[in-house]
Amino acid sequence: MSGIDLAEQFRAALTALDGVAHLCTSAAEAHDRVVDLCAAASVVIDEGHPDTAGLAERLRLVDDPWEAAVGVTGVDVAVAETGTLVLSWGPGRRRSTPLVPPVHVALVPLHRLVATYADAIDVLAAMNPAPSGMQLVTGPSQSADIEMKLVKGVHGPGQVHVVLYPQPDRACT
């Protein structure tokens with residue numbers, strides 16, 4: 001399956017979960033889309049992730065995730081069949097960035113898309129060093145714990161935007 005086919009499958013899965021996928025034609029367009037999505041909002045960003053490089057100077061950053069309206073991250077891998085983002089943490093990549101702000105914006109180059117969870121596990125197993133922990137994010141936070149009424153944004157962001165794009169030095173097939 002090509003990168004574009006996986007992107008379309010990812011978009012359909014994420015849309016079914018009330019997330020929003022944005023398909024861009026380049027990394028530059030993807031970064032512009034992130035800037036547009038963040039507008040003048042306060043932002044916390046994973047500056048330690050290579051896919052967010054160069055974005056910090058274009059956004060209104062805050063250091064405290066509890067003061068941010070938007071959290072911007074890269075991902076280690078994304079699963080097309082479920083619309084799931086797999087994120088790990090480390091230097092410059094805090095666990096709170098995708099969870100605390102009410103809006104999460106993730107950058108996903110097409111070469112990080114895989115078809116299934118099994119493929120994602122294979123990617124994670126091949127990482128050196130292996131991540132010591134990770135988060136699986138599948139759409140906006142939803143809970144029906146209280147009176148069986150669905151509420152969004154209780155245990156994480158109420159909105160998830162995923163910006164998908166090809167990288168110029170990588171094939172999309």
Side-chain angles (χ1 to χ4, degrees), residues 1-24 26-35 37-38 43-56 59 65 68 70-101 103-141 156-157 159-172:
M1 190 176 281
S2 76
I4 297 300
D5 292 337
L6 287 173
E8 289 297 345
Q9 184 181 13
F10 182 92
R11 182 203 313 237
L14 185 63
T15 299
L17 298 165
D18 292 330
V20 181
H22 307 266
L23 295 178
C24 297
S26 68
E29 181 185 344
H31 280 207
D32 289 344
R33 181 67 54 95
V34 170
V35 171
L37 288 168
C38 294
V43 176
V44 64
I45 188 170
D46 277 351
E47 293 186 69
H49 196 284
D51 298 333
T52 63
L55 270 173
L59 302 170
V70 181
V72 176
T73 68
V75 304
D76 294 306
V77 64
V79 181
E81 74 178 348
T82 59
T84 299
L85 305 171
V86 181
L87 301 96
S88 62
W89 47 84
R93 298 172 68 187
R94 299 182 283 196
R95 287 178 253 196
S96 56
T97 300
L99 295 176
V100 173
V103 178
H104 176 203
V105 177
L107 282 156
V108 180
L110 296 184
H111 74 271
R112 293 193 200 280
L113 276 173
V114 296
T116 67
Y117 271 119
D119 297 329
I121 297 303
D122 289 343
V123 169
L124 293 168
M127 293 174 75
N128 188 11
S132 62
M134 72 184 91
Q135 298 165 342
L136 302 176
V137 177
T138 306
S141 169
Q159 294 181 38
V160 173
H161 293 266
V162 177
V163 182
L164 300 145
Y165 63 98
Q167 282 196 317
D169 59 341
R170 302 271 183 156
C172 294

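Residue numbers count from 1 along this sequence.
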Which heavy atom of [X] sits nearest a heavy atom of [Y], and at what distance?
X: G83; Y: A13; result: N-CB, 3.5 Å
X: C24; Y: A30; result: SG-CA, 3.8 Å
X: V70; Y: C38; result: CG1-SG, 3.7 Å
X: V79; Y: A120; result: CG2-CB, 3.7 Å
X: L164; Y: A21; result: CD1-CB, 4.1 Å
X: S88; Y: G133; result: CB-O, 3.4 Å

Practice item. Tell me, with the steps shown, if V35 and D32 meet side-chain contact (heavy atoms from CB on, under 4.5 Å). Key: CA-CA 5 Å; V35 171; D32 289 344; 5.5 Å; no
Check your understanding: Between the side chains of T73 and H49, does any donor sit under 3.5 Å from an acceptor?
Key -> no
Check your understanding: Distance-only, no hydrogens or angles: does the Q135 side chain make a donor-acceptor pair with backbone N or O of R95 under 3.5 Å?
Key -> yes
Review point. For the side chain of H104 and the backbone of V162, is there at least one donor-acceptor N/O pair under 3.5 Å apart?
Key: no
Quick one: does [X]'s side chain get under 4.5 Å of [Y]'s, heavy atoms only?
X: L107; Y: Y165; result: yes
X: V86; Y: V123; result: no
X: L17; Y: T138; result: yes

At what distance, to the nearest 0.5 angstrom, does [atom1] of [X] lie from [atom2] of [Y]?
X: Y117; Y: L124; atom1: OH; atom2: CG; value: 11.5 Å
X: F10; Y: E81; atom1: CZ; atom2: CD; value: 12.0 Å
X: L87; Y: D76; atom1: CG; atom2: CG; value: 6.5 Å

Point to revise | side-chain contact (heavy atoms from CB on, under 4.5 Å) evaluation trace for L6 with L110 | key: CA-CA 8 Å; L6 287 173; L110 296 184; over 6 Å; no
Practice item. List the steps, then state whether side-chain contact (heavy atoms from CB on, under 4.5 Å) holds for V43 with L55. Key: CA-CA 11 Å; V43 176; L55 270 173; over 6 Å; no
**Study point:** Mutual orientation of the aromatic rings belonging to H22 and H161 [parallel < 30°, tilted 30-60°, perpendicular > 60°]
**Key:**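 Plane angle under 30°, so parallel.
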